[in-house]
Amino acid sequence: MGPVLDVVLSTGFLAAILGVSTPYVLAALGGLLAERAGVPNIALEGSMLTAACTGALVAGYSGSVWAGAACGIAGGALLALLLGVLHLYLGADPIIAGIGLNLLAAGATAYTVYALLGDKGGTSRLHSGALPSVRLPLIEDVPGLGAVLSGQNVLTWAALAAAPAVAWLLYRARFGFHLRAVGEHPEAARSVGIHVHRVQFRALALSGALAGAAGVFLSMGAVSFFVTGMTAGRGYIALAAVFLGALRPWGVFLAALGFGTAEALAVQLGNLDIPSQLVSAIPYAITLLALAFFAWRRRRASRTAPASPPGLPTPHLTETP
């Protein structure tokens, strides 16, 4: 027990939590925006994978990590918009369409890497580079705090800034009010002049861009190359964080941070004398337990909540962040 506590209480572990949580936070906040707009973005995994592959390839061929990051984020947004076309215009079920896009992204990225580089494993032959880390001259000399905060990747800081930005967008901006109105009752929103599909497409674009940033972090932040299937289900775990966080930005942020903590713990425990199978199962076991807790809490709340008048939706537009 002593070695485990030494790992958990170390500043290195706290710094690792921020880094490991970055893709979860970005993808979960993207999933939140789509969910609040009434279009569940099951294709978060595909957007992350597309962005990770696109970013690494563009950065490697162009020699610019920023061009790679921009193209990767754009690729993630385009996949989310494709989900919008399939669901909003062609009437496809968003769950089935999202899973199909995830499978498409997995196959397309593997094929593209093999076609361009002749390697089925990834882009390790291509020197893509990595996005820079941010040094904090005044903070890095502070004992403890400097080791945790200074030296984090630029996308980790973007993830930390994304939570208050999404909260402001949803609860302070006019677009956020329209987005929540569309998600709660699209017909009522349409009756007051809100273009429902336009708002939903914009929400999906933002959702895909955030998921794309999460994918770019995996291939150009945590490492400097793309590996086939490197998202490893993180998009689905991010979806779990959306609902565990009760569809609120700060709740989603904390839930994603919790999943990141579980993965960071699994990585750190892998260095100890613990069976590797048990360690690798920790993030997924935590996800299942969290979803079970969410289902229990929602069922309990439905039993105690007063009934709404027949035919009227439950109002949520005046909620606080």
Side-chain angles (χ1 to χ4, degrees), residues 19 22-31 33-34 41 43-86 98 101-134 152-159 161-162 165-166 201-232 234-235 238:
T22 297
Y24 292 115
V25 171
L26 290 169
L29 290 173
L33 289 174
N41 188 1
L44 290 176
E45 181 88 359
S47 287
M48 292 174 66
L49 200 57
T50 300
C53 179
T54 303
L57 289 174
V58 172
Y61 281 109
S62 69
S64 170
V65 293
W66 297 110
C71 291
I73 292 172
L78 286 175
L79 192 77
L81 289 174
L82 180 56
L83 173 64
V85 171
L86 293 174
L101 289 175
N102 289 337
L103 296 175
L104 174 64
T109 52
Y111 174 77
T112 301
V113 170
Y114 179 73
L116 293 176
L117 302 175
D119 190 342
K120 295 182 179 180
T123 64
S124 57
R125 299 179 182 178
L126 194 64
H127 299 288
S128 301
L131 291 169
S133 300
V134 177
Q152 294 288 349
N153 189 268
V154 63
L155 283 178
T156 298
W157 287 103
V166 170
F201 270 109
R202 289 176 179 175
L204 281 172
L206 289 174
S207 176
L210 285 169
V216 167
F217 175 82
L218 292 177
S219 63
M220 299 176 61
V223 294
S224 58
F225 51 87
F226 171 76
V227 176
T228 303
M230 72 186 310
T231 50
R234 288 180 176 88

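Sequence positions, counted from 1, serve as the residue numbers for this chain. We use all heavy atoms of the structure for the numbers below, so side chains are in, but hydrogens, waters and symmetry mates are not.
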Subject >> Partner residues of Ala108 under the side chain to side chain contact (heavy atoms under 4.5 Å, CB included) criterion, sequence neighbours left out >> reply: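 Scan of Ala108 (side chain to side chain contact (heavy atoms under 4.5 Å, CB included), adjacent residues dropped) gives none.
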Original post:
By side chain to side chain contact (heavy atoms under 4.5 Å, CB included), which residues pair with Thr112, not counting sequence neighbours?
Top reply: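 With neighbours one apart ignored, the set is Leu57, Leu116.
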Original post:
Can you name the one residue among Leu155, Asn153, Val154 that meets side chain to side chain contact (heavy atoms under 4.5 Å, CB included) with Val134?
Top reply: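 One option only clears the test, and that one is Val154.
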Subject >> Residue that, paired with Thr109, satisfies side chain to side chain contact (heavy atoms under 4.5 Å, CB included) out of Thr231, Thr228, Leu49, Leu104 >> reply: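 With Thr109 as partner, Thr231, Thr228, Leu49, Leu104 yield a single side chain to side chain contact (heavy atoms under 4.5 Å, CB included), made by Leu49.
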**OP:** Using the side chain to side chain donor-acceptor pair (under 3.5 Å) rule, collect all pairs that involve residues 59-83, keeping only residues at least two apart or in two chains.
**Re:**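 Sorted result for residues 59-83: empty, none.
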Original post:
Which pairs with one or both residues in residues 70-84 pass side chain to side chain donor-acceptor pair (under 3.5 Å), sequence neighbours excluded?
Top reply: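 Qualifying pairs: none.
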Provide the closest heavy-atom pair for [X] versus [Y] in the form atom of the first, atom of the second, distance.
| X | Y | value |
| --- | --- | --- |
| Ala51 | Ile73 | CB-N, 4.5 Å |
| Cys53 | Val113 | SG-CG2, 3.8 Å |
| Gly19 | Pro23 | O-CD, 3.8 Å |
| Ser47 | Gly76 | OG-O, 3.0 Å |

Can you tell me how far the [atom1] atom of [X] sits from the [atom2] atom of [Y], to the nearest 0.5 Å?
| X | Y | atom1 | atom2 | answer |
| --- | --- | --- | --- | --- |
| Glu45 | Asn102 | CD | CG | 6.0 Å |
| Leu101 | Leu82 | CG | CG | 5.0 Å |
| Arg234 | Leu26 | CZ | CG | 12.5 Å |
| Met48 | Leu79 | CE | CG | 12.5 Å |
| Leu78 | Leu83 | CG | CG | 13.0 Å |

Original post:
By side-chain hydrogen bond (donor to acceptor under 3.5 Å, both in side chains), which residues pair with Thr50, not counting sequence neighbours?
Top reply: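 Partners of Thr50 by the side-chain hydrogen bond (donor to acceptor under 3.5 Å, both in side chains) criterion come out as none, since no residue qualifies.
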**OP:** Applying side-chain hydrogen bond (donor to acceptor under 3.5 Å, both in side chains), name anything that partners Thr22, two or more places apart in sequence or on another chain.
**Re:**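 Here the qualifying residues are Thr156.
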Original post:
Can you list the residues that meet the ring-ring contact (aromatic ring centres under 6.0 Å, His included) rule with Phe225, with sequence neighbours excluded?
Top reply: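 Expected list: none.
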Exercise answer: donor-acceptor pairs, residues 201-219 side-chain atoms, under 3.5 Å, sequence neighbours excluded:
| residue | atom | partner | partner atom | Å |
| --- | --- | --- | --- | --- |
| Ser207 | OG | Gly30 | O | 2.6 |
| Ser207 | OG | Asn41 | ND2 | 2.9 |
| Ser219 | OG | Ala52 | O | 2.9 |

**OP:** Evaluate the side chain to side chain contact (heavy atoms under 4.5 Å, CB included) criterion for residues Val65 and Met220: first the C-alpha distance (whole Å), next the side-chain angles of each, then the deciding distance (0.1 Å), finally the verdict.
**Re:** CA-CA 8 Å; Val65 293; Met220 299 176 61; 3.8 Å; yes
Please report, to 0.1 Å, the donor-acceptor pairs under 3.5 Å made by any side chain of residues 123-130, with sequence neighbours excluded.
| residue | atom | partner | partner atom | Å |
| --- | --- | --- | --- | --- |
| Thr123 | OG1 | Phe226 | N | 2.8 |
| Arg125 | NH1 | Leu117 | O | 3.1 |
| Ser128 | OG | Ala56 | O | 2.8 |

